[in-house]
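Heads up, the thing below is written out as structure tokens.
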Amino acid sequence: MRLTSLALTAALALTLTACGGGDDEVAAPSVDKAAEFAAGSRMAEIKTAGKLTVGTKFDQPLFGLKGLSGKPEGFDVEIAKIIGAKLGVEADKIEFVESVSKNREPFLQQKRVDMVIATYTINDKRDKVVDFAGPYFQAGQDILVAKGNPAGITGPESLKGKRTCSVSGSTPAETMVTKYGLVEGGDLKTVDVYTKCRDALKNGQFDAVTTDNVILAGYVDAAPDDFELIGKPFTEEPYGIGIPEGQEDFCDFINTTLTESVEDGSYEKAFKATAGTVIETVPTLPAPRGCDK
Amino acid sequence: MDAVLSNLDVFVRGFTTTVTLTLAAVVGALVLGTVIAAMRVSPVPPLRWAGATYVQLVRNTPLTVVFFLVVFGLPEVDITLSFFVSAVLALSLYTAAFVAEAVRSGVSSVATGQAEASRAVGMTFGQTLRLVVLPQAFANIVPPLASVFIALLKNTSIASAFFVFEGVQSMNQLINANGDAVLAILAAAAVAYLGLALLASALFGLLERAVTVSR
């Protein structure tokens, strides 16, 4: 019963968010067929296998959103294609597996996926059980309010005692609880997808919605008459590429690939076609944090 | 296990809401379900039709859709309830359909002679139902009701997708904060549901023994 209902929720959520996308297909980066790797390296294994399995989100507008086309679209997906291309794997040989937040570590630990690119914030506890390449993007937590800001919200400090919405088990919700003293279930309510927060904010059931600025920007862009963004990010959320532990060669390879993608313009192209439809400035690639040795 | 034990307070807070949500919905569903069952067995045709329509409509709708209608639909007609009350309402409306069918089967199990005898001594339909039929019916339907209410206990997890901080949400919160102990936390949540369901089964077992009429 629970499983069916959760699947239904997911299906409904997908239907509800599906309207947001509509991006044209991005031209896949050219595949480096001649790529050569040291025998026994992780890259050589993947090249020989000829396919890549990537965990990504299917419900995250601009980053990984599976719409009516049946294929996930977004910046995370494009980053996967850039890495795949450098490994000699065609875009249609990359298999995307839905990885909701709580599945990301288990999928990597059990090696069900080769990597996870899923708006995956790098933090210490996660770093204990998986390794991170990147970061490839730096987001920041921000606040969305109804047009005209009727509740007079100025920043995260003013949310205490107000009605705030975020996603259950997400880093933004955690930040509100630990840093700004909100009580989950009290002045902070949480839900499974951000679209529900947005709809309830529109209905006047909330004063504010908080999460990473890139997600909120998408909602303002779609309905500028209903919402506005406070526009003062108050956290740093470095999005990393999760890989199983003990693959330093792969981690170094990904970091090199990211640097190269900036140089050859494919990073900018991928961003402009996805998240860049809402965020005008193309971000600079954050400095790589180095791989675990 | 450390991640579970050191965050036991979060778990307890979440699952306490699961329990209060269940208890509130049990009361709501029992009252509404009995009324609907009474409508379905009443001598007034429009009432029978209304009761049957309610059962078919609600029982054949996914609970998630009922939640959507209550949480996002009612505010459209300017009825804004707190999220907890919305969840209780959605769960009660949904479970009432199942309770109604269980009660109706209980009513059918009471020999027709009982109702006929009550009528013969001059009781009205309401009196017959309240004083003679329903007390015997309830004694017969404790086992199916137990199944319905255990399903309700697990169904409260859907409220996690509608702004209520219950067991599943406390689990999500802990998983996000402890990426190194995901499976232990999932297992702890499963154990919590299992424990609550077994407790409910035991209570219904006691109730069953207390109300069973020895024949």
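Quick caveat, the model's predicted, so the values are computed rather than measured.
Neither the backbone nor the side chain of V10(B) comes within contact range of chain A, judged by heavy atoms closer than 4.5 Å. Contact of V129(A) with chain B is made through the side chain alone, with heavy-atom distances under 4.5 Å. For E76(B), the part lying near chain A is the side chain, with the backbone staying farther off; criterion is any non-hydrogen pair under 4.5 Å. Only the side chain of V183(A) comes within contact range of chain B, judged by heavy atoms closer than 4.5 Å.
For the pair K102(A) and V182(B), the tightest heavy-atom approach, listed with the atom from each and the gap, is O-CG1, 3.5 Å. Across A200(A) and F163(B), no two heavy atoms sit closer than the pair CB-CZ, 3.8 Å. D199(A) approaches F72(B) most closely through the heavy-atom pair CB-CE2, 3.8 Å. What you find for A177(B) and K125(A) is that their closest heavy atoms are O-CD, 3.1 Å.
The 12-atom threshold is exceeded at CG of D9(B), counting heavy atoms of other residues, nucleotides or ligands nearer than 6.0 Å. Annotation for K160(A): atom NZ counts as buried by contact number, over 12 foreign heavy atoms lying within 6.0 Å. For N60(B), the CG atom sits in a packed shell: over 12 heavy atoms of surrounding residues, nucleotides or ligands are nearer than 6.0 Å. The 12-atom threshold is not exceeded at NZ of K202(A), counting heavy atoms of other residues, nucleotides or ligands nearer than 6.0 Å.
Side-chain atoms of V177(A) and Q173(B), non-hydrogen and from C-beta on, do get closer than 4.5 Å to each other.
Of the residues considered (S168(A), G186(A), G185(A)), S168(A) shows the highest number of contacts with chain B, using heavy-atom pairs under 4.5 Å. Of the listed residues Q109(A), E105(A), R104(A), the one with more heavy-atom pairs under 4.5 angstrom with chain B than any other is E105(A). Comparing I175(B), I185(B), N172(B) by heavy-atom pairs within less than 4.5 Å of chain A, the highest count is held by N172(B).
Here S82(B) contributes atom OG and R163(A) contributes atom CZ; the two are 11.5 Å apart, rounded to the nearest 0.5 Å.
In this structure, N176(B) contributes its side chain and S170(A) its backbone to a donor-acceptor pair below 3.5 Å. A donor-acceptor pair under 3.5 Å links the side-chain atoms of Q205(A) to the main chain of V71(B), judged by distance alone. Between the side chain of R13(B) and the backbone N or O of E184(A) there is at least one donor-acceptor pair closer than 3.5 Å.
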For the pair F68(B) and K196(A), evaluate side-chain contact (heavy atoms from CB on, under 4.5 Å) and give the outcome as yes or no after the intermediate values.
-> CA-CA 10 Å; F68(B) 258 105; K196(A) 285 187 192 155; 3.8 Å; yes
